[in-house]
**Student:** 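Would you mind keeping the following structure in view while I ask a few things?
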2 protein chains.
Amino acid sequence: MKQAALPRAAPGARRRLSEVLDAAARVFAQRGYHGASTKDIADLLGMRQASLYYYFDSKDAALEAVCREGHQGYVERIRRIARSDASASERIALALFHQAAPERRDFTLVFLRERRFLPLPARKRIRAFEVQYERAIQRLIEQGIRSGEFRADLDARMATLAFFGLGNSAAVWYGREPAVTPERLLRAYVDLLVRALRLTH
Amino acid sequence: MKQAALPRAAPGARRRLSEVLDAAARVFAQRGYHGASTKDIADLLGMRQASLYYYFDSKDAALEAVCREGHQGYVERIRRIARSDASASERIALALFHQAAPERRDFTLVFLRERRFLPLPARKRIRAFEVQYERAIQRLIEQGIRSGEFRADLDARMATLAFFGLGNSAAVWYGREPAVTPERLLRAYVDLLVRALRLTH
DNA sequence: CCTCAATTCTATTGTGCTATAGAATCGGTC
DNA sequence: GACCGATTCTATAGCACAATAGAATTGAGG
């Protein structure tokens with residue numbers, strides 16, 4: 001799989017490209033990468049299947065682009081949170097809210113479920129982002145422990161994995177049950193997580 | 001998709017069938033339902049692709065069988081737990097342990113990730129099991145609230161979803177990092193979850 | 001009106017996949 | 001050793017899909 005060779009800048013080019021990305025994300029999220037055909041994406045755009053190859057070198061490249069987009073901004077957002085003067089609990093809460101935010105849901109879902117189908121080189125590129133983000137979250141927790149806000153006997157690695165377990169499941173879940181709105185679910189998850197991490201006094 | 005018409009009883013028939021099921025689970029878990037070909041399964045069995053159709057009417061039917069198997073026993077196990085005289089916390093712990101147990105992992109993963117690709121009738125059949133199980137877990141939590149062991153202000157529905165969020169993510173996770181053994185991960189998750197649910201005193 | 005680049009199209013190639021049909025094989029039983 | 005059901009095989013139909021090649025179209029600027 002070659003690097004996605006994006007079309008050179010042009011008025012409205014960025015715009016159209018991102019529409020194509022949206023469509024790909026939508027279709028990949030709905031049917032899964034292997035279950036989705038390039039024709040499905042093209043149909044959603046009112047375009048012929050072959051025309052897509054003007055924007056992407058391959059189906060793989062499209063998946064990589066969607067995954068990138070899906071993880072985009074996570075790292076910088078978490079850095080902004082880390083720089084803020086909020087308490088550890090508040091930081092965890094903010095991070096969880098951001099990560100499982102229902103906007104860009106298709107991109108997030110594709111990142112979570114389909115990135116494993118990327119060819120190895122692309123998967124490595126994406127993995128680099130992941131690791132950075134995961135470390136940032138873990139650092140948040142470790143700081144909470146050091147500051148005494150979280151329990152000293154807390155296993156930071158395990159707590160980090162729990163963070164992702166909850167966060168990712170939230171992203172997957174909502175929409176399934178009308179009574180469970182994203183807000184309600186996230187609020188509850190944040191509450192549970194913070195209770196689990198904090199010192200009980 | 002027709003119901004899977006299983007071959008009539010024969011000496012060793014059950015045995016061979018379950019080997020075929022194992023292979024299907026393995027391949028579906030590894031490559032995803034749409035990413036896996038029936039030839040992949042046959043190769044794993046040292047068999048020709050077409051021979052598989054002696055055991056299954058269609059690829060769909062194979063997926064349904066694997067999903068069934070993946071969820072099998074959950075309901076009865078949870079019933080046994082519910083009938084035991086353990087405390088609410090202990091019950092939750094047991095349930096989480098059982099659900100994310102690393103045995104039968106391929107089946108669990110396929111159930112979690114691929115059941116959505118089942119054709120509607122099959123998906124409905126599988127869903128019936130799910131609902132039963134989910135209710136049983138929620139009942140466990142509600143009982144814990146009523147008995148005063150868990151916080152009275154706990155949202156039982158949200159706690160149930162958190163249970164599955166953690167449990168399912170555990171099933172997905174291990175194997176990725178050698179330092180994170182299933183035991184360690186599950187122990188940590190159980191601890192976190194119980195802390196989050198229990199009254200703080 | 002002409003040019004040129006960007007964008008989309010038509011047409012097609014080649015491949016891989018599910019599923020069916022019917023023949024061959026195997027192992028046990030009478 | 002002929003029979004029989006269970007199991008696996010060969011062969012193939014038929015379709016869907018990713019990707020390529022090159023032509024047509026569109027629209028902005030001179």
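Residue numbers begin at 1 in each chain, while the letters A, B, ... track the order of the sequences. Hydrogens, waters and symmetry mates are skipped; everything else that's a heavy atom, side chains included, is used. Since this is a predicted model, take the numbers as computed values, not measurements.
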**Student:** Between Arg125(B) and Arg68(B), is there a side-chain heavy-atom distance shorter than 4.5 Å?
**Tutor:** yes
**Student:** Starting at atom CG of Asp57(B), determine the distance to atom P of dT20(C), rounded to an integer number of angstrom.
**Tutor:** 8 Å
**Student:** Got a donor-acceptor contact below 3.5 angstrom from the Arg195(B) side chain to the Arg195(A) backbone?
**Tutor:** no
**Student:** For residues Met158(B) and Leu186(A), determine if any side-chain heavy atom of one lies less than 4.5 Å from a side-chain heavy atom of the other.
**Tutor:** no
**Student:** Can you tell me if the side-chain N/O atoms of Tyr55(A) get under 4.0 Å from OP1 or OP2 in dT8(C)?
**Tutor:** yes
**Student:** When you check the phosphate oxygens OP1 and OP2 of dT8(C), does a side-chain N or O of Tyr54(A) lie under 4.0 Å from one of them?
**Tutor:** no
**Student:** Using a strict 4.0 Å threshold on nitrogen-to-oxygen distance, state whether Arg16(B) and Glu19(B) make a salt bridge.
**Tutor:** yes
**Student:** Distance-only check: which donor-acceptor pairs under 3.5 Å involve side-chain atoms of residues 74-82 of chain B, not counting sequence neighbours?
**Tutor:**
{"unit_1": "Tyr74(B)", "atom_1": "OH", "unit_2": "Gln99(B)", "atom_2": "O", "d": "3.1"}

**Student:** Measure from the side-chain N and O atoms of Arg135(B) to the backbone N and O of Val131(B), and report whether any donor-acceptor pair falls under 3.5 Å.
**Tutor:** no
**Student:** Is there a side-chain polar atom (N or O) of Tyr53(A) under 4.0 Å from OP1 or OP2 of dA19(D)?
**Tutor:** yes
**Student:** In this structure, how many angstroms lie between the P atom of dC17(C) and the CD1 atom of Ile41(B), rounded?
**Tutor:** 12 Å
**Student:** May I have the distance from Lys59(A) (atom NZ) to dA19(D) (atom C1'), rounded to whole angstrom?
**Tutor:** 12 Å
**Student:** Inspect the contact between Arg157(A) and Glu134(A) and indicate whether a charged nitrogen and a carboxylate oxygen are less than 4.0 angstrom apart.
**Tutor:** yes
**Student:** Which heavy-atom pair separates Val110(B) from Ala29(B) by the least distance, and what is that distance?
**Tutor:** CG2-N, 3.5 Å
**Student:** In whole Å, what is the span from the CZ atom of Arg15(B) to the C1' atom of dA6(D)?
**Tutor:** 17 Å
**Student:** To the nearest Å, give me how far apart CD (Glu19(B)) and P (dT7(D)) are.
**Tutor:** 12 Å
**Student:** Near DNA chain D, counting only heavy atoms under 4.0 Å, which residues of residues 21-36 of chain A show up?
**Tutor:** Ala36(A)
**Student:** Do Tyr33(A) side-chain atoms and Asp60(A) backbone N/O form a donor-acceptor pair below 3.5 Å?
**Tutor:** yes
**Student:** So if I take residues 44-52 of chain B and measure heavy-atom distances to DNA chain C, which residues fall below 4.0 Å?
**Tutor:** Gln49(B), Ala50(B)
